2 protein chains.
Amino acid sequence: MSQHRHPGAPGRAGAVPALPDLPEATVARLPEYLRALHNLAETGHETVSSEGLANAAGVNSAKLRKDLSHLGSYGTRGVGYDVGLLIDQIEFVLGLTQRRAVALVGVGNLGHALAGYDGFASRGFRIAALFDADPSRVGEEISGLTVRHVDELPRVAAEESISIGVIATPASAAQAVADQLVAVGVTSILNFAPCVLSVPEGVDVRKVDLAIELQILSFHEHRKASLTALPASGGSALTALPGGLAATDTQEAIGT
Amino acid sequence: MSQHRHPGAPGRAGAVPALPDLPEATVARLPEYLRALHNLAETGHETVSSEGLANAAGVNSAKLRKDLSHLGSYGTRGVGYDVGLLIDQIEFVLGLTQRRAVALVGVGNLGHALAGYDGFASRGFRIAALFDADPSRVGEEISGLTVRHVDELPRVAAEESISIGVIATPASAAQAVADQLVAVGVTSILNFAPCVLSVPEGVDVRKVDLAIELQILSFHEHRKASLTALPASGGSALTALPGGLAATDTQEAIGT
DNA sequence: AGGCGCTTGTGAAGGGGTGCACAAATCGCG
DNA sequence: CGCGATTTGTGCACCCCTTCACAAGCGCCT
Ligand SMILES: NC(=O)c1ccc[n+]([C@@H]2O[C@H](COP(=O)([O-])OP(=O)(O)OC[C@H]3O[C@@H](n4cnc5c(N)ncnc54)[C@H](O)[C@@H]3O)[C@@H](O)[C@H]2O)c1
Ligand SMILES: NC(=O)c1ccc[n+]([C@@H]2O[C@H](COP(=O)([O-])OP(=O)(O)OC[C@H]3O[C@@H](n4cnc5c(N)ncnc54)[C@H](O)[C@@H]3O)[C@@H](O)[C@H]2O)c1
């Protein structure tokens, strides 16, 4: 309302950046808002209503307002949110005002795709180094970066200030790689290997497991199929689908 | 939870599967349990306690027991769970007793990695077809599959019974591809493009956005840094770091 | 056979997230 | 200058999920 705290001057003057530890669910949605906001900015929008932004981000508008209110947001009643200001706010809260350096370990099948992904740079990150353990891969150049041996990680980590480590090695090597990353001071890890990593407290790990996503979809697919197959027996609580309108879509019958 | 269904193996004809609609959080963890169980089975374990399995899956043991109880699980008090039986149960609930056919649309940078990923096959899926819109890509052979033009989707979908569609195209094309998938009867979509998809009710969409994961990590990184920077005592619990390199993060001071 | 230790399954309490509904605030306009 | 239209920010009720704690059940050992 009255006190405008600009992201450009987070540091000084007694006033703490006031990082209120946001609800985790909110944090997970902020990047989505940010992406939608960038789209809006590119298409010339100066302000946006919570309804409009919520729509663009695929969420409920009340949820969006509550999320933004958590970070002491600055909307104008009767008008909406200033797109540019909101972008700055969210980028500041997410710690994106500095371009974070990412180290990618494991330049195989998936690692190659990641290394060449331009979505990194455009969303606030910079791939600072590529590592692999396979000597035949060391020295290869990908998107202007040279693959180094993983043993060089300590030295490189000292040069570049690695903020986040990405693991794209086989699961059998993931824990060892995570240990190495932690050893050089990395406190945030994104893990693509399908395994559980054990890390000391203070280190954040997020996991991306493609097969898990597919299996979750498989469950719903299975459930949908069994619903259409059921002749409305017992009538327990399974008919709890929204609206009661029973899926006007085409359903593939799964052979049984 | 008085209705004890028979451990009736998935294959059993007759008994109606009567899928209990599990809590969504439980569904999301079942694949993790399944992976851990497969690991245990491979290492010769016949039974496992909730504590052991929870440990292997990286969750709380009470949570795991409640999850398993939801699917009318069959453990033996004083002993634990039969690994093989539990695998069958979970695979059945997840709808993995049939190998689901996956269609991958967009065989670019990321699509190539996905097409060559053997984690699909080993976790219950089969890539049935690859599609792209780029004529120069059509015809290319990847891992034994030939890339077809996306216009052939209807025909191929009729032949193979596509269960899940994976979108790995640029964001600008994702909505159109989703529409095409829905049009041919696909009701489950995994989307790698950074955008919100709009689909009719009854269609499930899951999204994997790498940048979002990194930005969430960035937030926590930012928060950790601001905590260590604060003179307010409190004694941070971050001292678990080995290298003593206590996140000497440069405080950003970038003006817009 | 009986007791004992171990493990499951679950009731209950507590916390967090979601969405509704509305008061407060702001702008444009007559 | 005030009024109505519009939109934000939030109190509140509800629901889901997590976690603790413990009784019930099971096998083994004596
Ligand atoms: N390819 C995909 O589409 C995909 C999708 C989801 C998950 N994954 C997972 O991502 C990981 C990588 O998959 P991939 O297909 O790229 O496998 P890959 O075998 O092609 O690549 C793995 C790379 O890691 C390197 N490596 C092995 N041990 C290492 C170590 N100790 N230190 C550094 N590098 C090491 C190997 O030399 C290799 O280059 C796997 O865990 C896989 O399950 C892959
Ligand atoms: N490369 C990565 O590591 C990575 C990581 C995360 C997310 N993503 C996202 O995944 C998507 C693909 O990334 P990429 O790096 O593979 O891009 P890419 O440009 O290399 O590949 C995109 C492919 O999609 C094809 N395509 C375009 N329009 C199509 C249409 N209408 N129908 C069918 N095919 C079409 C193109 O011909 C191309 O082959 C992008 O949305 C990207 O943001 C990529």
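Bear in mind the structure is a predicted one, so any value in this text is a computation, not a measurement. Proteins get letters first, then strands, A, B, ... in listed order; numbering begins at 1 in each.
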Separation between CZ (F92(A)) and CG (L71(A)), nearest 0.5 Å, reads 10.5 Å
What is the distance, to the nearest angstrom, from the CG atom on L71(B) to the P atom on dT8(C)? 14 Å
State whether D209(A) and R123(B) are salt-bridged, where the test is any N-O pair (Lys NZ or Arg NE/NH1/NH2 against Asp/Glu carboxylate O) under 4.0 Å. yes
Which residues pass the salt bridge (charged side-chain N to carboxylate O under 4.0 Å, His left out) test with R29(B), not counting sequence neighbours? D67(B)
Scan residues 75-83 of chain B against DNA chain D and write down, sorted by residue number, each residue with any heavy atom closer than 4.0 Å; if none is found, say none. T76(B), R77(B), G78(B), V79(B)
Identify the heavy atoms of I212(B) and K207(B) that sit nearest to each other, and give their distance. CD1-NZ, 3.9 Å
Between CD on residue E221(A) and OG on residue S226(A), distance to nearest 0.5 Å: 11.0 Å
Near DNA chain C, which residues from residues 38-69 of chain A have a heavy atom under 4.0 Å away? N60(A), A62(A), K63(A), R65(A), K66(A)
Just jot down the salt bridge (charged side-chain N to carboxylate O under 4.0 Å, His left out) partners of E91(A), sequence neighbours excluded, or say none. none
Which residues in residues 23-37 of chain B have at least one heavy atom lying under 4.0 Å from any atom of DNA chain D? P23(B), E24(B), A25(B), R29(B)
Could you grab the distance from atom OG of S198(A) to atom CD of Q175(A), nearest 0.5 Å is fine? 5.0 Å
Atom OG1 in T97(A), atom NE2 in H222(B): separation rounded to 0.5 Å? 6.0 Å
Could you measure the distance from the CG atom of L94(B) to the CG atom of L217(A)? Nearest 0.5 Å is fine. 11.0 Å
Identify, with sequence neighbours excluded, every residue that meets salt bridge (charged side-chain N to carboxylate O under 4.0 Å, His left out) alongside D82(B). none
